[in-house]
Participant: 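Input: one structure, supplied below.
When a residue number appears, it is its place in the shown sequence, counting from 1.
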Amino acid sequence: MYHGKLAVLCLQQDALSEAICLAQRLDVPLYQEINPAFPELFFLTWRDGCLKLLDKALLKKGGLSVDIEPRYGEQHSWPAPKKGVLAQAIGRKTKTVVDATTGWGQDSLHIFRMGYALRCIERSPVMHALLEDGFKRLSNKDWVVQLGLKAPELCFGNACDVLSTLDENPECIYIDPMFPAKRKKSALAKKSMTVLRDLLGDDEDKAQLFAMALKTATKKVIVKCPDYAEPLAGRPDESFKSKLLRYDVYLTR
Ligand SMILES: C[S@@+](CC[C@H](N)C(=O)[O-])C[C@H]1O[C@@H](n2cnc3c(N)ncnc32)[C@H](O)[C@@H]1O
C-alpha cells in the first residue's frame, strides 16, 4: 500500500519495539538513522512525546501529530458550550455522533469536547496509527482523568463496512471526505491537509459513504465541504456556512 512512499524512523532506543510493530503492521521499512538518500517521501517517528508524520524536509525536526489541545477560541472546560456552526449543524438535542472520516481528528475532538458521545472511524492505516497515539495522549490528560472521561472509541476500516457493524445506530453521522482542491497547492490549505492529500489522494467513494451513512443514522448526516463544492447529495435540508466551509445537513426519513 505504501511501497516506496512511507517508512518508520526510530531514533530512540526506547521506542524500538513499538517501531518494529508499527513497521510490520504498515508493511513498510524501519530505519534507525537519518539518511538523506531515503527513497520514501513520508516517515512516521516519535518526537516530543508524540507519533509524528514527517516529509523529507522535516527529517531532523518538526512533523505533524494529532493535536489534542482545544482550537483557537474554543473554551478549555468540558463540556465546552455547543456553539458555532458545527454545533448548530449537529444540534443541541443530538447525543450520539459517529465521525466516519476522522483524519487528523480535529473535528472529532471538537465534537468530543462539546460533550457529544462520539465514535470515530478511519480507514487509512497511517492516520489510524496517528489517531491511536493522539487518543492515548488524550486519555492521560489530567482533565480527562479527573472528569472520569474516556477518549472516543476509534474503529479502523472503511466506514461503509464499519457502519453496518455498530451495536447501536448513532443519531448523527459526520462525514468530511477529501474533495479535489480548487487551486493547486492553495496557499490557504493547511499543511496537515496538504500532506493528507499527498499521502492518500481524494476520497473517490464519498457518494457510497454518504448512502451508507443515510441508511445508518437515525436523525441526520452532516457533510462538511469546501464552499466551492457542489452539495454531495443534492439539496440539503439545512446548510450552515462558515468562512470557507459548509456543513450540509441531510435529515434521515
Ligand atoms: C479530509 S480528512 C478528514 C479531516 C478531519 N475531519 C479532521 O478534522 O482532521 C478525510 C479522512 O477521512 C478518511 N476517510 C475517507 N473516506 C473514508 C471511509 N469511507 N472510511 C473511513 N475513513 C475514510 C481519509 O482516510 C482521511 O483520513
Side-chain angles (χ1 to χ4, degrees), residues 1-73 101-110 120 122-138 154 156 176-204 224-226 228-229 243-245:
M1 185 177 199
Y2 298 115
H3 183 72
K5 222 172 174 186
L6 177 85
V8 172
L9 178 63
C10 179
L11 303 171
Q12 295 162 232
Q13 205 53 34
D14 57 356
L16 188 58
S17 55
E18 214 177 331
I20 293 171
C21 288
L22 185 60
Q24 279 174 352
R25 200 167 100 192
L26 300 177
D27 194 20
V28 299
L30 168 65
Y31 301 126
Q32 287 186 258
E33 55 186 17
I34 293 176
N35 179 345
F38 286 146
E40 289 80 11
L41 301 174
F42 295 103
F43 302 86
L44 281 171
T45 199
W46 287 267
R47 190 171 274 172
D48 311 321
C50 313
L51 183 63
K52 294 201 173 184
L53 181 64
L54 329 171
D55 58 20
K56 265 194 162 164
L58 297 174
L59 277 175
K60 296 217 169 116
K61 61 178 173 109
L64 296 164
S65 58
V66 170
D67 184 359
I68 58 168
E69 297 306 325
R71 289 191 277 202
Y72 179 73
T101 56
T102 307
W104 288 104
Q106 295 310 286
D107 294 328
S108 270
L109 289 163
H110 186 192
C120 298
E122 175 54 54
R123 69 171 163 195
S124 150
V126 169
M127 296 316 298
H128 180 261
L130 289 158
L131 285 164
E132 251 183 353
D133 171 75
F135 286 7
K136 197 160 102 190
R137 283 184 278 116
L138 179 69
L154 176 62
F156 173 65
D176 173 20
M178 208 103 66
F179 282 83
K182 191 176 178 188
R183 321 159 190 89
K184 271 192 190 165
K185 301 257 163 171
S186 154
L188 291 172
K190 273 176 92 179
K191 169 85 177 162
S192 54
M193 286 303 156
T194 314
V195 168
L196 208 60
R197 182 180 305 282
D198 289 348
L199 186 66
L200 308 177
D202 289 329
D203 294 316
E204 309 283 357
K224 177 179 175 183
C225 54
Y228 58 81
K243 218 169 158 196
L244 297 168
L245 294 170

Participant: Search all heavy atoms of Pro226 against all heavy atoms of Phe179 and return the closest pair with its distance.
Facilitator: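 The answer is CD-CD1, 3.5 Å.
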
Participant: Within this structure, what is the CE-CE distance for the pair Met193 and Met178, rounded to the nearest 0.5 Å?
Facilitator: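 Spacing of CE (Met193) from CE (Met178) equals 7.5 Å.
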
Participant: Answer yes or no: is there a side-chain heavy-atom contact under 4.5 Å between Leu109 and Asp67?
Facilitator: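 Leu109 vs Asp67: side chains apart.
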
Participant: Out of curiosity, Arg25 CZ to Ile20 CD1, how far, rounded to the nearest 0.5 Å?
Facilitator: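 If we round to the nearest 0.5 Å, Arg25:CZ and Ile20:CD1 are 14.5 Å apart.
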
Participant: What I'd like to find out is whether the side chain of Met1 reaches to under 4.5 Å of the side chain of Asp27, using heavy atoms alone.
Facilitator: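 When only atoms from C-beta onward are counted, Asp27 and Met1 do not touch, as no gap falls below 4.5 Å.
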
Participant: What's the separation between atom CD in Glu69 and atom CD in Gln106, rounded to the nearest 0.5 Å?
Facilitator: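 Result: 10.5 Å between the selected atoms.
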
Participant: List, one per line, each side-chain donor-acceptor pair under 3.5 Å for residues 50-57, sequence neighbours excluded.
Facilitator:
from, atom 1, to, atom 2, distance (Å)
Lys52, NZ, Asp48, OD2, 2.9
Asp55, OD1, Ala57, N, 3.3
Asp55, OD2, Lys191, NZ, 2.8
Lys56, NZ, Phe38, O, 2.2

Participant: Closest heavy-atom contact between Gly63 and Leu58?
Facilitator: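 So the minimum-distance heavy-atom pair works out to N-CD1, 3.8 Å.
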
Participant: Do Trp46 and Asp14 have side-chain heavy atoms sitting under 4.5 Å apart?
Facilitator: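 Heavy-atom side-chain distance check fails, nothing below 4.5 Å.
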
Participant: Once you round to the nearest 0.5 Å, how far does CZ of Phe156 lie from OG of Ser124?
Facilitator: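 Reported value, rounded in 0.5 Å steps: 7.5 Å.
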
Participant: Mind checking side-chain hydrogen bond (donor to acceptor under 3.5 Å, both in side chains) for Thr102 and listing every partner two or more places apart, or none if nothing turns up?
Facilitator: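 Partners of Thr102 by the side-chain hydrogen bond (donor to acceptor under 3.5 Å, both in side chains) criterion come out as none, since no residue qualifies.
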
Participant: Please check: side-chain N/O of Gln32 versus main-chain N/O of Cys10, any donor-acceptor pairing under 3.5 Å?
Facilitator: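 Absent.
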
Participant: Please give me the minimum heavy-atom distance between Leu44 and Leu130, naming the atom from each residue.
Facilitator: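 Distance-wise, the nearest heavy atoms are CD2-CD2, 3.9 Å.
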
Participant: Mind checking what makes side-chain hydrogen bond (donor to acceptor under 3.5 Å, both in side chains) contact with Arg137, not counting sequence neighbours?
Facilitator: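 Only Asp133 meet the side-chain hydrogen bond (donor to acceptor under 3.5 Å, both in side chains) criterion with Arg137.
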
Participant: Quick check for you: to the nearest 0.5 Å, what is the distance between Leu11 atom CG and Thr45 atom OG1?
Facilitator: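 If I round to the nearest 0.5 Å, the distance is 5.0 Å.
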
Participant: Kindly write out the residues that satisfy side-chain hydrogen bond (donor to acceptor under 3.5 Å, both in side chains) with Asp202, not counting sequence neighbours, or none if the list is empty.
Facilitator: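 Applying side-chain hydrogen bond (donor to acceptor under 3.5 Å, both in side chains) to Asp202 gives Arg197.
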
Participant: Which heavy atom of Pro125 sits nearest to which heavy atom of Leu26, and what is that distance?
Facilitator: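 So the minimum-distance heavy-atom pair works out to CB-CD2, 3.4 Å.
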
Participant: Okay, side chain of Glu40, backbone of Phe42: is any donor-acceptor separation there less than 3.5 Å?
Facilitator: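 Checked: no pair found.
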
Participant: So, using side-chain hydrogen bond (donor to acceptor under 3.5 Å, both in side chains) as the criterion, who are the partners of His128 when residues are at least two apart?
Facilitator: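 Partners of His128 by the side-chain hydrogen bond (donor to acceptor under 3.5 Å, both in side chains) criterion come out as none, since no residue qualifies.
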
Participant: For Ser192, does its backbone N or O pair with a side-chain atom of Trp104 as donor and acceptor, under 3.5 Å?
Facilitator: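 It does hold such a pair.
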
Participant: How far apart are the C-alpha atoms of Arg123 and Asp203, what are their side-chain angles, what is the distance that settles it, and do they pass the side chain to side chain contact (heavy atoms under 4.5 Å, CB included) test?
Facilitator: CA-CA 11 Å; Arg123 69 171 163 195; Asp203 294 316; 3.2 Å; yes

Participant: Determine all donor-acceptor pairs shorter than 3.5 Å in which one atom belongs to a side chain in residues 2-9; sequence neighbours excluded.
Facilitator:
from, atom 1, to, atom 2, distance (Å)
Tyr2, OH, Val126, N, 3.3
Lys5, NZ, Asp198, O, 3.4
Lys5, NZ, Leu199, O, 3.1

